[in-house]
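For clarity, every value in this text was computed on a predicted model and none was experimentally measured. Residue numbering restarts at 1 for every chain, and letters A, B, ... go by the order of the sequence lines.
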Amino acid sequence: MRASKYLIATLKETPADAEVISHQLMLRAGLIRKLASGLYTWLPMGLRVLRKVEKIVREEMDANDGQEVLMPVVQPSELWEESGRWQQYGPELLRIEDRHQRAFCLGPTHEEVITDLIRNEIKSYKQLPATFYQIQTKFRDEIRPRFGIMRAREFTMKDAYSFHLNQESLQQTYETMFDAYSRIFSRIGLDFRPVIADTGSIGGSASHEFHVLANAGEDDIAFSDGSDFAANVEMAEALAPTGERPTASEEQQQIATPNQHSIEELCAFLSVDATQTVKTLIVLGCHDEGTPAPLVALVLRGDHQLNEIKAEKLSEVAEPLQLASDEQIKNAINCKPGSIGPCALNNIPVIVDRSAAHLANFVCGANKDGYHLSGVNWQRDCQIDQIADIRNVLAGDPSPDGKGTLVIKRGIEVGHIFQLGTKYSEALKATVLDEDQKNTVMTMGCYGIGVSRVVAAAIEQNHDDKGIIWPEAIAPFQLAIVPINMHKSEAVREQCETLYKSLSDKGIEVLFMDEEKARLGVMLANVELTGIPHRVVIGDRGLKEGKIEYKERKQQENEEIPLNKLETFLENKLLC
RNA sequence: CGGGGCGUAGCGCAGUCUGGUAGCGCACUACACUGGGGGUGUAGUGGUCGUAGGUUCAAAUCCUGCCGUCCCGACCA
């Protein structure tokens, strides 16, 4: 490609509304432009990168018996009514009407459509297992689109769905996909980790996320330093403290604590450590529609944070988790939220986190405004109805597999695989005839990759103060040819043209900075900003000495390559 | 959904408090000089000041509504 015929839309200054580095660099390098909140146009340079990611994903899916299809973005509401998600999904599902006032939505995911297709097309167990995938535009009306392409409303996703006669078959394909995903992200050149994950709104049982480790990530990932355990913090189990609970040695006392509400304030006021305190959260319990919600108390050690996902999974707790209002608390306990404790809560069930349950002689609210209790002990002073794991793990906690301690890092979720089971096949009655001529509901898996998000994640992980440093596998171009004073030197022009033609003919993707009179500094800055992995600078001075200057984007130093060996040198570097 | 910021040329911003000719830098066009890391000069192109209404002789500027956009929060217990 010749730069003179290519839109190199680089910006000198960082657009004011870009917060994270990948968003800034994608705008500055001229990969994307914003159309509206969460909606982006891919410019030529950016689209080349996106297509390369797609190509790698496609190759690995094809290599594992994935069959590519392409489903519509617009989907009829009837299918979503059938699966129950028309009600469940909430405002993230963008609903629209056609001219006949028929309801449709823009597809945020395609379980319904693929299941509908397959129930009509696959009738026999002999056709199973089968995996179908597409690389396609998804739309999710996010509460808060942010970080550019990282959390956009419209984005490119690879979604795959597998169909099976039974769980064993699903398990096999799940493992195949797990390996395929690992190969995909390795080939792209990312530092990633597969982690145990929650299934969220897609539903199902087993699930892994693939995370690219980067500070801009929106998820916390817990790793063991002593094994390969890795899980999303949402899912990482917090083990019960070992050993016996210390014995009760203090008497319970009521202390006046005027205007001390938060754990921090309280600890400072009483000079106690947060680990010797207990906080009590009042949430709504499970209830039938129309009846008033009962209350449930969740008790945590003062320095711990409630894990909403874990709490929601308790049968006593309403899903989604909802904190009781100040008024509900006032009515039931007759105090403000800042003074609640687990003692004498009348009929409110008390669910205690494992760590909090292990405390003795602790401090908690007195259920009376302006007072706390000290020297409190379980059983002696207050009841435990249930002990459960309801907190987030912290760095330094023991690993749930018993080996090592946990470290917490930020991750960008780029892939997610699920064992769906029969959630959708049952709802949509997707069955096949099995060996015994019985109708059997198919078992399903689904597998997603945020293709456009991968591009942003790659930049988060690979950049410096000059711009992007693309992994070779997804760089928009492999090599940039930068001439010096080409309009004044026929020799330079000839050398550049020859090299450009020869390498291009061999299939190497070359960007030839052929613009007349372009200044060297500008060209080099653009080549660096756009992250092209290799470059040669060709000028009269070097030609006279029979040398060409070569530099790799990720290296600091130039190399001098003898002119007569240049082509071989570059072919060795760039031809796979 | 709650809170806050911002909206003036493609980008980055000043001007708004205290109403009176629409500004600066980058980019872009032409020419000249320069020519091994975003160079210099001269001359230019480009703006319904987000939008609707109000106050006023006069509104980018004051008032009101709306829209857009970005950030933070949604755990005092």
Give a yes or no on whether a salt bridge exists between [X] and [Y], defined as a side-chain N under 4.0 angstrom from a carboxylate O.
X      : Y      : value
A:E19  : A:R146 : no
A:E552 : A:R535 : no
A:R354 : A:E237 : yes
A:R28  : A:E13  : no
A:D464 : A:K466 : no
A:K547 : A:E560 : yes

Identify the nucleotide, in any strand shown, that forms a Watson-Crick or G-U wobble pair with [N], with both distances under 3.5 Å; if there is none, say none.
N      : value
B:rG23 : B:rC13
B:rG7  : B:rC67
B:rG38 : none
B:rC49 : none
B:rA77 : none
B:rC28 : B:rG44

If we take the [atom1] atom in both [N] and [M], what is their distance in whole Å?
N      : M      : atom1 : value
B:rG46 : B:rC66 : P     : 36 Å
B:rC62 : B:rC6  : P     : 12 Å
B:rA60 : B:rU8  : P     : 15 Å
B:rG44 : B:rG5  : P     : 42 Å
B:rC28 : B:rC63 : C1'   : 39 Å
B:rC24 : B:rC71 : P     : 32 Å
B:rU61 : B:rU18 : C1'   : 10 Å
B:rG38 : B:rA52 : C1'   : 43 Å

Step by step, would you call A:R2 with A:E497 a salt bridge (Lys or Arg N to Asp or Glu O under 4.0 Å)? CA-CA 10 Å; A:R2 290 169 184 274; A:E497 289 284 356; 2.8 Å; yes
Looking across every strand, which nucleic acid part, if any, lies under 4.0 Å from A:S339 by heavy atom: base, sugar-phosphate, or nothing? nothing
Have a look at A:L27 and say if it touches a base, only the backbone sugar-phosphate, or nothing, with a 4.0 Å heavy-atom cut-off. nothing
With the side chain of [X] defined as its heavy atoms from C-beta on, choose the nearest nucleotide among [options].
X      : options                : value
A:A16  : B:rA77, B:rG12, B:rU69 : B:rG12
A:R28  : B:rG38, B:rA77, B:rC70 : B:rG38
A:D17  : B:rC71, B:rA77, B:rC70 : B:rC70
A:I143 : B:rG38, B:rA74, B:rA77 : B:rA74

Heavy-atom nearest nucleotide on RNA chain B for A:R146 versus A:I282: which residue maps closer to 5'? A:R146
First encountered from the 5' end of RNA chain B, between A:I329 and A:L529: A:L529
Step through it carefully: locate the ring centre of A:F477, locate the ring centre of A:Y6, and say whether they are under 6.0 Å apart. yes
Tell me whether the side-chain N/O atoms of A:T14 come closer than 4.0 Å to OP1 or OP2 in B:rC11. no
Write down the distance between [atom1] ([X]) and [atom2] ([N]), rounded to a whole number of angstrom.
X      : N      : atom1 : atom2 : answer
A:D369 : B:rA77 : CG    : C1'   : 11 Å
A:L323 : B:rC75 : CG    : P     : 6 Å
A:L300 : B:rC76 : CG    : P     : 13 Å
A:R153 : B:rU69 : CZ    : C1'   : 11 Å
A:K34  : B:rC70 : NZ    : C1'   : 7 Å
A:E19  : B:rG5  : CD    : P     : 17 Å
A:L35  : B:rC70 : CG    : P     : 12 Å
A:F147 : B:rU69 : CZ    : C1'   : 16 Å

Take nucleotides 25-37 of chain B nucleotide by nucleotide from the 5' end and write B, S or -, depending on whether a protein heavy atom sits under 4.0 Å from the base, only from the sugar-phosphate, or from neither. BSS------BBBB
Find the distance between CD (A:Q495) and CD1 (A:I481) and round it off to the nearest 0.5 Å. 9.0 Å
